[in-house]
Amino acid sequence: MRVRLLVLGVAVMLLIAARPAAADIPEVVKRYIDDTTLIVGRMDVTELSADAIVTFVNDLMREAPEAERERLMGRMREGFAFLDEQLAPLRERGVLTSWFVMGADSFIQGEPALTIVPVENDEQAQAVVDLLQRERESHRRVDGAVLIGSRNGLRAAQGVQPVDRPALAAPIRVGRGAPAFQLAFEPTPFVRLAAQFGARELAAQVPQFPAAA
């Protein structure tokens with residue numbers, strides 16, 4: 001659960017402040033990108049640490065009241081105390097990058113993101129699986145990666161029909177002051193259709209509403 005919460009929490013924070021950067025999406029990750037994908041994200045554990053996360057969030061909250069900010073920082077330091085110890089075996093074996101794929105169901109239904117950890121050999125895969133088993137995280141070993149997600153999400157991943165999404169593959173974004181995290185966001189065709197339909201319905205009910213919106 002903590003591994004999944006870390007990825008989702010970082011994704012939300014990065015939507016607040018981002019700037020363009022370059023990153024290539026591996027083929028093993030592209031297998032799970034389809035027409036419903038809203039966000040593709042990348043996490044590099046080389047520069048990831050509990051202190052880096054706390055510093056990043058503290059910077060985002062610099063305008064918040066001091067007491068509130070300190071209370072949140074204290075909870076975050078306690079919550080992420082496990083992080084460096086957990087990442088050590090992965091770093092030792094060269095497992096340095098994970099990716100996550102989120103669709104609209106992550107925001108509407110609270111479905112956890114599908115996390116993809118690329119691996120090059122059995123030793124790397126076993127290090128990831130050992131961590132996930134200790135944390136009692138639902139996971140599945142596939143060719144070239146270990147998948148992490150809910151049981152429903154892992155089942156759905158087996159039926160994904162991948163499509164080319166160049167707008168997601170090119171403008172991966174990295175949050176200000178957080179080089180360990182990158183993400184790209186693009187409304188899906190389904191989301192666009194729903195938004196257009198909603199705008200037309202609203203325009204029909206409220207004549208003064210601008211239909212062009």
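Since the structure is predicted, the reported quantities are computational estimates derived from the model, not experimental observations. Values below: all heavy atoms of this structure, side chains included; hydrogens, waters and symmetry mates excluded. Position 1 is the first residue of the sequence; numbering continues from there.
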Using 0.5 Å steps for rounding, measure from the [atom1] atom of [X] to the [atom2] atom of [Y].
X: Arg151; Y: Arg140; atom1: CZ; atom2: CZ; answer: 10.5 Å
X: Arg77; Y: Leu72; atom1: CZ; atom2: CG; answer: 9.5 Å
X: Gln161; Y: Tyr32; atom1: CD; atom2: OH; answer: 12.5 Å

Counting only N and O atoms by type, is there a donor-acceptor contact under 3.5 Å from the side chain of Arg165 to the main-chain atoms of Ile33?
-> no

Do [X] and [Y] have side chains that approach each other closer than 4.5 Å (heavy atoms only, starting at C-beta)?
X: Leu38; Y: Leu168; result: no
X: Thr115; Y: Glu137; result: no
X: Phe100; Y: Ile148; result: no

Restricting to salt bridge (Lys or Arg N to Asp or Glu O under 4.0 Å), what partner residues turn up for [X], sequence neighbours left out?
X: Glu92; value: none
X: Asp122; value: Arg141
X: Glu123; value: Arg93

Could you pull out all residues at least two apart from [X] that satisfy side chain to side chain contact (heavy atoms under 4.5 Å, CB included)?
X: Gln133; answer: Val129, Asp130, His139
X: Glu27; answer: Lys30
X: Pro162; answer: Val160
X: Arg71; answer: Glu68, Arg75

Which heavy atom in [X] sits nearest to a heavy atom in [Y], and how many Å separate them?
X: Leu147; Y: Ala157; result: CD1-CB, 4.3 Å
X: Ser138; Y: Ser150; result: CB-C, 4.4 Å
X: Val128; Y: Val119; result: CG2-CG1, 4.3 Å
X: Ala145; Y: Ile116; result: CB-CG2, 3.8 Å
X: Ser98; Y: Val117; result: CB-CG2, 3.9 Å

Tell me, yes or no, whether the heavy-atom count around Asn121 atom CG, taken from other residues, nucleotides or ligands under 6.0 Å, exceeds 12.
-> yes

Are there more than 12 heavy atoms of other residues, nucleotides or ligands under 6.0 Å from atom CD of Glu120?
-> no

side-chain hydrogen bond (donor to acceptor under 3.5 Å, both in side chains) partners for [X], two or more places apart:
X: Gln124; value: none
X: Arg155; value: Asn152
X: Thr37; value: Asp34

